[in-house]
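The structure appears right after this line, and notes come after that.
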2 protein chains.
Amino acid sequence: MKIAVSGKGGVGKTTLSATLSKLFADEGRKVIAIDADPDTNLAAALGIKDADKITPLVEFKELIRERTELSPDRKVFKLNPTVSDLPEKYSVVSNGIRLMTLGTIKRGGSGCACPEGVMLKALLNHLILQRDEVVIIDMEAGIEHLGRASTRAVTALIVVVEPGKRSIQTAFQVKKLAGDLGIKTIYAVGNKVMNDTHREFLKNALGDIPLLGMISYSNKLIELDLKGEAAFSNNEQLLSEVSEIIAQLEECIK
Amino acid sequence: MKIAVSGKGGVGKTTLSATLSKLFADEGRKVIAIDADPDTNLAAALGIKDADKITPLVEFKELIRERTELSPDRKVFKLNPTVSDLPEKYSVVSNGIRLMTLGTIKRGGSGCACPEGVMLKALLNHLILQRDEVVIIDMEAGIEHLGRASTRAVTALIVVVEPGKRSIQTAFQVKKLAGDLGIKTIYAVGNKVMNDTHREFLKNALGDIPLLGMISYSNKLIELDLKGEAAFSNNEQLLSEVSEIIAQLEECIK
């Protein structure tokens, strides 16, 4: 089970990623959760203390230099660095979930093919193609770190949407990007749903993107975040709604 | 008055940008509103009909080719294209607000200095340095299109935050980026505030970033978005709270 979660900023990708990870871990499965969105904090949503103090993978400069055999002028580096040992070495384990925080690639004048980007793409390829664990990847809408090599092995790309036109537009942009990469299994999950008007809106707006389920709006999430607790901590409604989403997903991919 | 609005995805940058534009226009001032965040839709928040059908500036390929004198292999282009006529030609005017939608620069292998990026930076420089109008720029957290040349002329960089740790972290990241660019006038605005716990959290969490004011949570915004109406349409509370924020800003920059 390799799930990538995407969508507009602020829709709740991280809440869904954390809760999916928790539920798969509760089933006794090994889970690797990947924070690949610089604008979120999956560690905090998993309830990991001192989540702000985790050093993201891209900030291990010496590691990146060594693995990519980077030349001193940063112009030459190999495109297939060894990464298979990184999940064990550069991760935090909490409640049976192994978390890796990838960090932000600072875009400089050197173009998109920078050693950090090559490392991340190689790592995601490895996780998607060569690992037995459940892998949950919390991604930006750009899904740019997914390489063509790995996309056929992605079980599902889930786009989170909320009642609001902009997140729907982003869902269709993600669908297009995913199609270009060869990902065919794209699904949506509605979040922050308050009433039947919202439910109807989401059902109608998503067109041919199958809707796996919906998560109710709850201001409990804000309080849990402010207290530094996991998004799913004593949050039975969230856990039950995401359980149903997993059941629906398993039905769809059978 | 040149205001850049930034912050984490989903915190309400666009709601604030639209309402600031509306209130300055209501004072009889000329306003140019700039949608510089590919992940939002300022046109929709301003209540412009068929907001999805506006062609963003970066998609006018021939214009960009001509103005940057782009070579056929896309490798050579000038860094100071003429842009002073673009606000009049490539904008939509609605209720006294002139809106420009900049669009998404697709990052290819050509690096950061691409002709589209050069055009956007030149345009923002022009708007900030050479225009008499009030300019409101709805930006990504990356604020990457603000050039060093124009930053001293930015009246205020407002970072929108919500009750939640991640948006506060983004605020400090934006403050750091802004400092590196030479912007000293950075302020915060709290959004989606529900109760006194949220108020206290925001006041305490922002450290030395001055808080101009707060906007209350309201699910009216979702309903207005779904109906295709402006964020401030019949929304007296929002208008009144943002009026106070403007008054506070004017006090701070006196």
Side-chain angles (χ1 to χ4, degrees), chain A residues 7-14 37-45 51-52 104-114 117 140-142 144 160 162-170 172-173 177 191-195 197-198 200-202 204-205 217 219 221-228, chain B residues 7-14 37-45 51-52 104-114 117 140-142 144 160 162-170 172-173 177 191-195 197-198 200-202 204-205 217 219 221-228:
Chain A
K8 178 181 176 299
V11 290
K13 294 185 285 291
T14 304
D37 182 351
D39 201 27
T40 62
N41 192 331
L42 184 55
D52 305 352
T104 310
I105 299 180
K106 295 191 185 65
R107 299 167 196 287
S110 59
C112 274
C114 59
E140 295 178 279
E144 63 185 347
V160 184
E162 63 186 8
K165 292 186 178 174
R166 193 62 194 93
S167 74
I168 300 289
Q169 286 173 28
T170 302
F172 284 107
Q173 285 165 1
L177 285 170
N191 188 22
K192 305 189 199 173
V193 173
M194 289 179 173
N195 54 44
T197 312
H198 293 177
E200 283 308 305
F201 169 77
L202 290 176
N204 294 328
Y217 178 84
N219 56 33
L221 280 180
I222 303 172
E223 315 310 330
L224 289 166
D225 173 59
L226 297 184
K227 281 195 268 178
Chain B
K8 177 181 178 298
V11 290
K13 295 186 285 289
T14 304
D37 182 351
D39 201 26
T40 62
N41 192 332
L42 184 53
D52 306 351
T104 311
I105 299 180
K106 297 195 184 62
R107 299 166 197 287
S110 59
C112 274
C114 58
E140 292 178 281
E144 63 185 350
V160 183
E162 63 186 8
K165 292 185 177 173
R166 193 62 196 91
S167 74
I168 300 289
Q169 287 173 27
T170 303
F172 285 107
Q173 285 166 1
L177 284 170
N191 188 24
K192 306 190 200 174
V193 173
M194 289 181 174
N195 53 43
T197 312
H198 293 176
E200 283 308 303
F201 168 78
L202 290 176
N204 294 328
Y217 178 84
N219 55 33
L221 281 178
I222 303 172
E223 314 312 329
L224 288 166
D225 173 57
L226 298 184
K227 281 194 270 178

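Computed from a predicted model, the values in this text were never measured in an experiment. Basis for what follows: all heavy atoms, side chains included, without hydrogens, waters or symmetry-related copies. Numbers restart at 1 for each chain; the letters A, B, ... are given by sequence-line order, proteins then strands.
Looking only at side-chain heavy atoms (C-beta outward), B:Glu200 and A:Leu226 stay at 4.5 Å or farther from each other.
Neither the backbone nor the side chain of B:Asp37 comes within less than 4.5 Å of any heavy atom of chain A. Residue B:Glu162: no heavy atom, backbone or side chain, is found under 4.5 Å from chain A. At a 4.5 Å heavy-atom cutoff, the contact between A:Gln169 and chain B is made by side-chain atoms alone.
Counting heavy-atom pairs closer than 4.5 Å to chain A, the top residue among B:Val11, B:Asp52, B:Thr197, B:Thr170 is B:Asp52. Your options are A:Asn41, A:Ile168, A:Leu224, and the one with the most heavy-atom pairs under 4.5 Å with chain B is A:Asn41.
Heavy atoms only, all atoms of each residue included: B:His198 and A:Glu223 are closest at NE2-OE2, 3.1 Å.
With A:Pro163 as the partner, the side chain to side chain contact (heavy atoms under 4.5 Å, CB included) test is satisfied by one option alone out of B:Asp225, B:Asn219, B:Ile222: B:Ile222.
When the ring-ring contact (aromatic ring centres under 6.0 Å, His included) test is applied to A:Tyr217, the partners found at least two apart in sequence or on another chain are B:Tyr217.
Atom CZ of B:Arg166 and atom CG of A:Leu42 lie 11.5 Å apart (nearest 0.5 Å).
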